[in-house]
Amino acid sequence: LWGRKELRKGEARFFLHPGEELVEGIQKVNVLGFDEALLLRAVQEFTDDEKVPHKPGDLWLIKGPRDYIPPIEVEIVESRKCIPLEKNEGIYVRNVQTGKVRVIRGDSYLLKAQEVLWNKDLPPTIESLLSKQNAG
């Protein structure tokens, strides 16, 4: 059939038939540590191994530790790692669906599927004070 993709896992020997092509070559398995995750996006409608239905454009996380080979209907958007934070450190996190920004303090944090890091713009006077403090 024309336009159909096929995923083959593991060691395999096969010949491409006329009109077939190897898209993106041979892929490696994504090995995730306990503090890592992959942000995934559905390209086509499908149901995953855990019987969760996904529609095109849906975003979700696959967390480690585990090995992961994305099915044909899924693309990897990015890999994420836990952000380690000390007791007196924090980050700003923005939910891309709601637009709400919140502060995460003093604990390691793994961004959720709908979250991105948000940079707070500081006035120039505070920027200069911080740069002087960091310089010594």
Side-chain angles (χ1 to χ4, degrees):
L1 294 170
W2 291 96
R4 190 185 79 173
K5 289 184 177 182
E6 181 181 333
L7 176 66
R8 295 185 183 182
K9 297 179 184 180
E11 287 188 33
R13 292 182 186 188
F14 59 92
F15 294 99
L16 294 175
H17 294 96
E20 290 183 334
E21 63 180 280
L22 191 59
V23 179
E24 297 180 27
I26 297 171
Q27 304 287 313
K28 294 190 181 219
V29 174
N30 296 285
V31 180
L32 300 174
F34 72 96
D35 65 341
E36 297 175 314
L38 291 174
L39 178 61
L40 306 175
R41 178 184 300 126
V43 178
Q44 300 172 18
E45 190 170 330
F46 84 108
T47 302
D48 65 18
D49 296 339
E50 297 163 1
K51 307 295 183 231
V52 178
H54 296 282
K55 296 186 188 239
D58 284 355
L59 292 171
W60 71 98
L61 284 177
I62 294 286
K63 296 178 184 176
R66 68 182 286 180
D67 295 343
Y68 182 72
I69 299 173
I72 296 166
E73 302 88 359
V74 173
E75 70 177 351
I76 298 174
V77 177
E78 67 182 19
S79 62
R80 293 184 172 180
K81 284 192 88 144
C82 280
I83 301 167
L85 298 171
E86 292 293 327
K87 201 173 200 177
N88 61 345
E89 293 179 324
I91 56 173
Y92 289 101
V93 174
R94 181 176 172 263
N95 185 309
V96 293
Q97 287 183 327
T98 64
K100 289 185 179 181
V101 176
R102 62 191 183 104
V103 176
I104 306 295
R105 290 188 199 116
D107 202 5
S108 64
Y109 187 74
L110 179 63
L111 293 171
K112 294 180 176 65
Q114 309 301 333
E115 294 177 335
V116 293
L117 284 175
W118 186 77
N119 292 323
K120 182 175 182 176
D121 294 326
L122 298 173
T125 53
I126 294 177
E127 289 278 355
S128 66
L129 288 172
L130 288 173
S131 65
K132 286 179 187 176
Q133 181 182 3
N134 289 337

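Side-chain atoms are counted along with the backbone in the values below, which use heavy atoms only and exclude waters and symmetry mates. Treat the numbers as computed from the prediction; the structure is a model and nothing was measured.
If you chain together hydrophobic residues whose side chains sit under 4.5 Å apart, Trp118 and Val77 never meet in one group. Side-chain heavy atoms closer than 4.5 Å link hydrophobic residues (I, L, V, M, F, W, Y) into clusters, and following such links, even through other members, never connects Val116 to Ile83. Linking ILVMFWY residues whenever their side-chain heavy atoms come closer than 4.5 Å, directly or via other members, leaves Tyr92 and Leu122 in distinct clusters. A continuous path of hydrophobic side-chain contacts links Val31 to Leu7 [ILVMFWY only; heavy atoms under 4.5 Å].
Of the possible donor and acceptor atoms, one in the side chain of Asn30 sits under 3.5 Å from a partner among the backbone N and O of Tyr68.
Here the CD1-OG distance, from Ile126 to Ser128, works out to 9.0 Å after rounding to the nearest 0.5 Å. For the atom pair Ile91 CD1 and Leu117 CG, the distance stands at 5.5 Å (nearest 0.5 Å). Between atom CD of residue Glu73 and atom NZ of residue Lys5 there is a gap of 9.5 Å, rounded to the nearest 0.5 Å. The line from CZ of Arg80 to CG of Leu111 is 5.0 Å long, rounded to the nearest 0.5 Å.
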Under 3.5 Å donor-acceptor pairs involving side-chain atoms of residues 51-65, not counting sequence neighbours:
unit_1 : atom_1 : unit_2 : atom_2 : d
His54  : NE2    : Asp48  : OD2    : 2.9
Asp58  : OD2    : Lys55  : N      : 2.8

May I have the list of side-chain donor-acceptor pairs in residues 34-41 shorter than 3.5 Å, sequence neighbours left out?
unit_1 : atom_1 : unit_2 : atom_2 : d
Glu36  : OE1    : Gly33  : N      : 2.5
Arg41  : NH1    : Glu75  : OE2    : 2.5

Under 3.5 Å donor-acceptor pairs involving side-chain atoms of residues 101-110, not counting sequence neighbours:
unit_1 : atom_1 : unit_2 : atom_2 : d
Arg102 : NH2    : Tyr109 : OH     : 2.7
Arg102 : NH2    : Glu115 : OE2    : 3.0
Tyr109 : OH     : Lys112 : NZ     : 3.2
Tyr109 : OH     : Glu115 : OE1    : 2.6
Tyr109 : OH     : Glu115 : OE2    : 3.1

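For CD of Glu78, the number of neighbouring non-hydrogen atoms (other residues, nucleotides, ligands) closer than 6.0 Å is greater than 12. Around the CG atom of Asp67, the shell of radius 6.0 Å holds more than 12 heavy atoms that belong to other residues, nucleotides or ligands.
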- Message: Val74 vs Phe46, test: side chain to side chain contact (heavy atoms under 4.5 Å, CB included). Steps then yes/no.
- Response: CA-CA 9 Å; Val74 173; Phe46 84 108; 3.3 Å; yes
